[in-house]
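Here is the structure we will look at, set down as structure tokens.
Counting begins at 1 with the first residue of the sequence. This is a predicted model, so every value here is computed, not measured.
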Amino acid sequence: MLERATRTIGTAALLLAAYFMLNIALRIALPHSLELDEAEQSFFSQYLLAGYGPQPPFYNWMQYAIVSVTGMSIGALVVPKNILLFLCYLFYGLAGREALRDKALAAIGMLALITLPQVSYMAQQDLTHTTALLFASSLFLYGFFRTLDRPGVGSYLLLGLATGIGLISKYNFALMPAVALIAILPDTEWRRRALDWRMLIAIAVALVIVLPHAIWLQGNLAFASSDTLVKMAAGNEPAGIARISKGLLAFLIAIIAFAALPVAIFAAAFRRDFVLMLSGGNRWTGMMERMMLASLAGIVLIVLFTGSTTVRERWLDPFLLVLPIYFLAKMQAAGLDLSAGLRRFRPVVPVLMACVLVALGFRVVGAGLIGVYSRPNVPMADLVREMTRQGEPALVIASDPYVAGNMRLQRPDVPVVIPDFPAPGIPAYAEAKGPVLIVWRGKKTATAADAVMPERFSSALTAAGIVPQEIGSLSLPYYFGRQGDNFALGYAWVRPGAR
């Protein structure tokens with residue numbers, strides 16, 4: 001049955017659709033306390049803005065559109081993400097069909113994406129903007145490969161669409177069009193594709209998509225880059241060879257972490273053929289090699305010029321995503337009989353699917369056994385129910401997007417803000433038309449939360465001459481947790497005009 005399902009992209013897509021339906025069902029079955037990225041999407045979905053902070057807005061815009069139609073629910077957060085991931089696999093398979101010329105190999109390449117942990121596990125665990133990046137990267141590969149093989153207005157439109165979406169999904173996608181251009185320069189025929197008048201169509205489409213955010217970015221560059229710079233910062237380490245060496249070592253480790261599993265699985269499945277593929281090659285494999293090398297060289301330059309000592313493997317997603325197609329293309333170009341290797345590879349796919357589902361479920365339901373809690377273990381529904389037992393707020397002010405997003409999921413009809421967002425400097429509690437609930441995080445595993453209001457809230461209330469009616473704390477056990485392991489929230493009720 002599995003062999004039949006990998007004969008064509010269409011039948012392989014059905015297998016993937018069933019897999020993502022299981023992922024959706026699993027996430028809905030688990031507690032509805034949100035992961036960090038889910039919470040941010042829940043909170044930001046209240047607003048349609050040109051920019052939201054350190055991340056580009058494509059995923060936020062998509063989430064806003066969906067919530068505007070369906071309302072806020074766990075399904076409104078989970079289903080779109082899994083659709084994007086499904087489309088990532090689908091467009092990847094279509095890209096493979098352009099480069100491999102063999103429908104069965106293209107289907108295998110599409111399914112082989114599950115060998116990349118960043119795509120199969122990490123994206124399901126808690127990544128939203130990276131999920132958008134994976135989708136955009138697969139769409140770009142399809143548009144790019146199709147433009148090389150079958151240039152037409154449709155191909156250039158697709159290339160422009162993918163480029164525009166990628167640029168507003170993650171900023172590191174900006175390297176993709178550049179390395180794609182570098183990769184085709186040595187090939188005379190393909191070089192003409194970049195000089196074709198229809199490239200203007202692709203550029204125009206990309207600009208239209210990017211323009212609203214680009215205008216916002218021009219006036220908010222420091223804000224948008226702050227989070228990335230903090231993550232890449234070298235701390236107090238002095239500049240010099242030691243810091244550069246540490247950055248390059250982190251880069252090397254990131255490459256190994258990204259590529260180790262697919263290399264191991266392909267080597268185990270194809271065995272001698274995986275070594276013999278080194279002697280094979282064609283214009284497609286050469287182009288993919290140039291793409292990967294140029295992108296990795298670009299990251300090295302970033303490390304050298306910024307002094308970064310941190311390189312995370314998910315930053316390599318758009319650049320090394322092509323690896324499974326590349327491996328298959330190399331073996332095909334070497335003229336090898338891949339039938340035995342494909343028979344060994346096919347059973348790996350459902351095994352990896354099952355491993356991902358089990359891991360995602362066990363990290364929550366097995367948290368008490370290992371004593372490490374994930375965010376779905378946080379008893380948010382119970383905490384919100386207890387603190388609102390006396391009545392419903394007209395407005396919630398949360399300490400951060402994580403608390404804000406969870407509050408919005410539990411009380412979707414109540415507007416939620418955080419300090420200085422969406423409007424900086426405006427005391428939202430003073431504008432409320434009813435009771436205001438202020439919520440902040442306590443200690444992760446405290447037996448009782450500290451009921452002292454954070455200074456940024458108390459000082460703002462004091463400046464406005466408002467006296468809180470009640471300041472309290474709640475500490476409840478984690479879902480599936482050990483006895484005594486609690487999560488705490490502090491809260492305060494405020495009524496505008498209460499002085």
Side-chain angles (χ1 to χ4, degrees), residues 3 6-7 9 12 92-116 119 137-138 141-142 144-150 176 179-191 193 251-252 254-300 316 318-349 352:
E3 185 172 353
T6 56
R7 290 296 183 189
I9 289 177
Y92 192 81
L94 294 174
R97 190 176 64 182
E98 300 293 333
L100 296 168
R101 310 287 187 180
D102 184 318
K103 292 181 179 179
L105 278 186
I108 289 293
M110 180 168 72
L111 295 172
L113 265 187
I114 203 166
T115 65
L116 301 178
V119 180
S137 300
S138 285
L141 288 175
Y142 174 47
F144 178 52
F145 289 0
R146 179 175 164 175
T147 301
L148 297 180
D149 187 47
R150 295 178 287 133
M176 280 286 281
V179 300
L181 178 60
I182 292 171
I184 63 173
L185 288 179
D187 190 294
T188 303
E189 180 187 355
W190 282 350
R191 191 162 60 242
R193 305 286 192 266
F251 171 61
L252 179 61
I255 294 175
I256 294 172
F258 189 100
L261 184 60
V263 168
I265 290 174
F266 270 85
F270 292 95
R271 300 179 184 175
R272 186 167 176 265
D273 291 340
F274 192 70
V275 177
L276 293 175
M277 77 173 185
L278 297 175
S279 64
N282 54 32
R283 66 194 307 210
W284 286 96
T285 60
M287 177 269 295
M288 286 184 266
E289 287 165 0
R290 291 190 293 271
M291 280 187 70
M292 289 187 285
L293 289 174
S295 59
L296 295 179
I299 297 175
V300 168
L316 307 178
F319 315 124
L320 298 184
L321 193 70
V322 77
L323 271 179
I325 292 177
Y326 172 70
F327 290 155
L328 292 170
K330 286 284 284 185
M331 287 186 282
Q332 185 184 53
L336 304 172
D337 180 3
L338 303 180
S339 55
L342 291 176
R343 282 197 300 272
R344 288 188 290 265
F345 184 86
R346 287 186 179 102
V348 173
V349 174
L352 288 177

Which atom names give the shortest non-hydrogen contact between [X] and [Y], and what distance separates them?
X	Y	answer
G93	A106	O-CB, 3.8 Å
L323	A259	CD1-CB, 3.9 Å
A112	F345	CB-CZ, 3.7 Å
A107	A12	CB-CB, 4.1 Å
I325	Y92	N-OH, 3.2 Å
L321	F258	N-CZ, 4.3 Å

Not counting sequence neighbours, which residues clear ring pair (Phe, Tyr, Trp, His ring centres under 6.0 Å) with Y326? List them please.
-> none
How far does [atom1] of [X] sit from [atom2] of [Y], to the nearest 0.5 angstrom?
X	Y	atom1	atom2	result
M331	L105	CE	CG	8.0 Å
I255	L320	CD1	CG	6.5 Å
I9	L94	CD1	CG	5.0 Å
L113	L352	CG	CG	12.0 Å
L316	F251	CG	CZ	6.5 Å
D102	I108	CG	CD1	10.0 Å

Partner residues of [X] under the side-chain contact (heavy atoms from CB on, under 4.5 Å) criterion, sequence neighbours left out:
X	answer
A268	none
L185	L181, R191
L261	P117, I265
A329	L100, T285, M288

Compare all side-chain heavy atoms of D187 with those of R283 and state whether any distance is below 4.5 angstrom.
-> yes
For [X], which residues count as a side-chain hydrogen bond (donor to acceptor under 3.5 Å, both in side chains) partner, sequence neighbours excluded?
X	result
S339	D337
R193	E189
E98	R150

Basic-acidic side-chain contact under 4.0 Å: D149, R101 = yes
Could you note down all residue pairs passing salt bridge (Lys or Arg N to Asp or Glu O under 4.0 Å) where residues 284-299 supplies at least one of them, sequence neighbours left out?
->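 Qualifying pairs, neighbours excluded: E289-K330.
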Salt bridge (Lys or Arg N to Asp or Glu O under 4.0 Å): pairs with one or both residues in residues 265-278, sequence neighbours excluded = none
Residues 292-299, side-chain donor-acceptor partners within the protein, below 3.5 Å, at least two apart:
from, atom 1, to, atom 2, distance (Å)
S295, OG, M291, O, 3.1
S295, OG, M292, O, 2.8

Sequence neighbours excluded - ring-ring contact (aromatic ring centres under 6.0 Å, His included) pairs with any residue from residues 273-293 | F145-W284, W190-W284, F274-F327
